[in-house]
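All chains are named by letter (A, B, ...) in the order of the sequence lines, taking the proteins before the strands, and each is independently numbered beginning at 1. What you see is a predicted model; the values in this text were computed from it and never measured.
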Amino acid sequence: MPELPEVETTCRGIAPHVSGQRIERVILRDTRLRWPVSPEVAGLAGTRIAGVSRRAKYLLMALGHGKLEQGNLIWHLGMSGSMRVAPTGSPAASHEHVEFELSNDQSLKFRDPRRFGALLYCDGDPLQHRLLQPLGPEPLADEFNADYLYRRCRGRSAAIKTFIMNSHIVVGVGNIYASEALYLAGIRPTRAAGRISKARIARLVEAIRATLTAAIAQGGTTLQDFTQVDGKPGYFRQALQVYANKGDCQACGTAIRHLVQGQRSSYYCPACQI
DNA sequence: CCGGACGCCTGTCGGC
DNA sequence: TGCCGACAGGCGTCCG
């Protein structure tokens, strides 16, 4: 599910409720996520959550404060994960595998029906964790620009859509926003990454930025599972131009086409995207 | 190194 | 109505 905008929405949503709070009790209902929940998590009662941040599609929680560094939590929402904050003692929903009861009488609840998500404890710098270390630049950072992407595209025969979904190239661009950004940039998802002009790569960089920024402003996209921290859906779905669109292109009226690339659905306008 | 496929899970939806 | 296959926002791992 969650691509960068959904993780960013989650990060912003939970931060005011969890930052600075102490974890009073940890409830682990099911530790069988993509990897087993780190055993350290069970012993976190009494630890303070110093802050929340995001890197790629990972949500990071710094534990302890000041000189009392107590490690970090690395969360991933997988395909169907979401978080919410609700009063401690309120009933658990189905698939709410992890719950932290906090010192403000609120609980952070992690729900993940498909269990592709993750909750890992990390002793040192989470950015050096083996899952985070090899990641490419953030799409909204200055390092992600036309010079960078054009250079990385040199000699690559992979389709541009799978290429921009490769987290070693740029992080946070998932299946929905890859299709949307390519539509906005006028580039066919099947085009070889190395066969796109610098000017069009520059357009793609701006399209990725614009798409993600607009989606964040709408609280992300809800297809099925994703909810914001207050339980509301993300509202970017109505802004989608091609993804899951069985109708016609808004710009030219041509029927939107569907194809499968790398076992993932792609959507594009055969007239607007060359 | 690169590109492509697989598998991890549960839920939902369309077709017969 | 019921069953069955296809498909769903990710991504590490393996294979050629």
Would you check if the side chain of [X] reaches a backbone N or O of [Y] as a donor-acceptor pair within less than 3.5 Å?
X	Y	result
A:Asn104	A:His17	yes
A:Ser19	A:Pro16	no
A:Arg237	A:Ala239	no

field: Under-4.0 Å side-chain N/O to phosphate OP1/OP2 contact, A:His76 with C:dC11
entry: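 Result: yes.
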query: At under 4.0 Å between heavy atoms, what does A:Arg111 touch on the DNA or RNA strands: base, sugar-phosphate, or nothing?
result: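 The residue A:Arg111 makes no contact with any strand.
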message: Just to be sure I understand the rule, does A:Ser157 reach a base, reach only the sugar-phosphate, or reach nothing, if contact means heavy atoms closer than 4.0 Å?
response: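 Result for A:Ser157 = sugar-phosphate.
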- prompt: Out of A:Arg55, A:Arg209, A:Lys57, which residue meets the salt bridge (charged side-chain N to carboxylate O under 4.0 Å, His left out) rule with A:Glu138?
  reply: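 Answer after filtering A:Arg55, A:Arg209, A:Lys57: A:Arg55.
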Taking [atom1] from [X] and [atom2] from [N], how many angstroms apart are they, rounded to a whole number?
X	N	atom1	atom2	result
A:Tyr58	C:dG10	OH	C1'	9 Å
A:Met79	C:dA8	CE	C1'	5 Å
A:Ile74	C:dG10	CD1	P	19 Å
A:Ile176	C:dC7	CD1	P	17 Å
A:Lys161	C:dC11	NZ	C1'	14 Å
A:Glu6	C:dA8	CD	P	16 Å
A:Arg34	C:dG10	CZ	P	12 Å
A:Met165	C:dG10	CE	C1'	8 Å

query: Mind checking who shares a hydrophobic cluster with A:Leu127, ILVMFWY linked at side-chain heavy-atom distances under 4.5 Å?
result: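 Under the 4.5 Å side-chain rule, A:Leu127 groups with A:Trp35, A:Tyr58, A:Leu60, A:Ile74, A:Leu120, A:Leu131, A:Leu132, A:Leu135, A:Val171.
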- request: Please find the earliest and latest nucleotides of DNA chain B, in the 5' to 3' direction, that have an atom within less than 4.0 Å of any heavy atom of chain A.
  value: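 Extent of the interface on DNA chain B: B:dC2 to B:dG11.
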- prompt: Relative to the 5' end of DNA chain C, which residue comes earlier, A:Arg130 or A:Phe116, by the nucleotide with the nearest heavy atom?
  reply: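 Per heavy-atom nearest nucleotide, the more 5' residue is A:Phe116.
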- request: Map A:Leu131 and A:Gln224 onto DNA chain C by nearest heavy atom, then report which one ends up closer to the 5' terminus.
  value: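 Closest to the 5' end, via its nearest nucleotide, is A:Gln224.
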task: Can you tell me the pairing partner of C:dA8 across any strand shown, Watson-Crick or G-U wobble, with both distances under 3.5 angstrom?
output: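 Matched C:dA8 with B:dT10 under the 3.5 Å cut-off.
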- request: Indicate yes or no: does A:Glu99 engage A:Arg25 in a salt bridge with an N to O separation below 4.0 Å.
  value: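 Salt bridge absent between A:Glu99 and A:Arg25.
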- request: State whether A:Arg54 and A:Glu8 are salt-bridged, where the test is any N-O pair (Lys NZ or Arg NE/NH1/NH2 against Asp/Glu carboxylate O) under 4.0 Å.
  value: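 A salt bridge links A:Arg54 with A:Glu8.
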task: For A:Arg32 and for A:Gly262, locate the closest nucleotide of DNA chain B by heavy-atom distance; then report the residue assigned to the nucleotide nearer the 5' terminus.
output: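 First, find each residue's nearest nucleotide; the 5'-ward one identifies A:Gly262.
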message: Between C:dC7 and B:dA5, how many Å separate the two P atoms, rounded to a whole number?
response: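 Comparing P positions in C:dC7 and B:dA5 gives a spacing of 14 Å.
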field: Presence of donor-acceptor pair under 3.5 Å, side chain of A:Arg264 and base of C:dA8
entry: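 Check fails, no donor-acceptor contact within cut-off.
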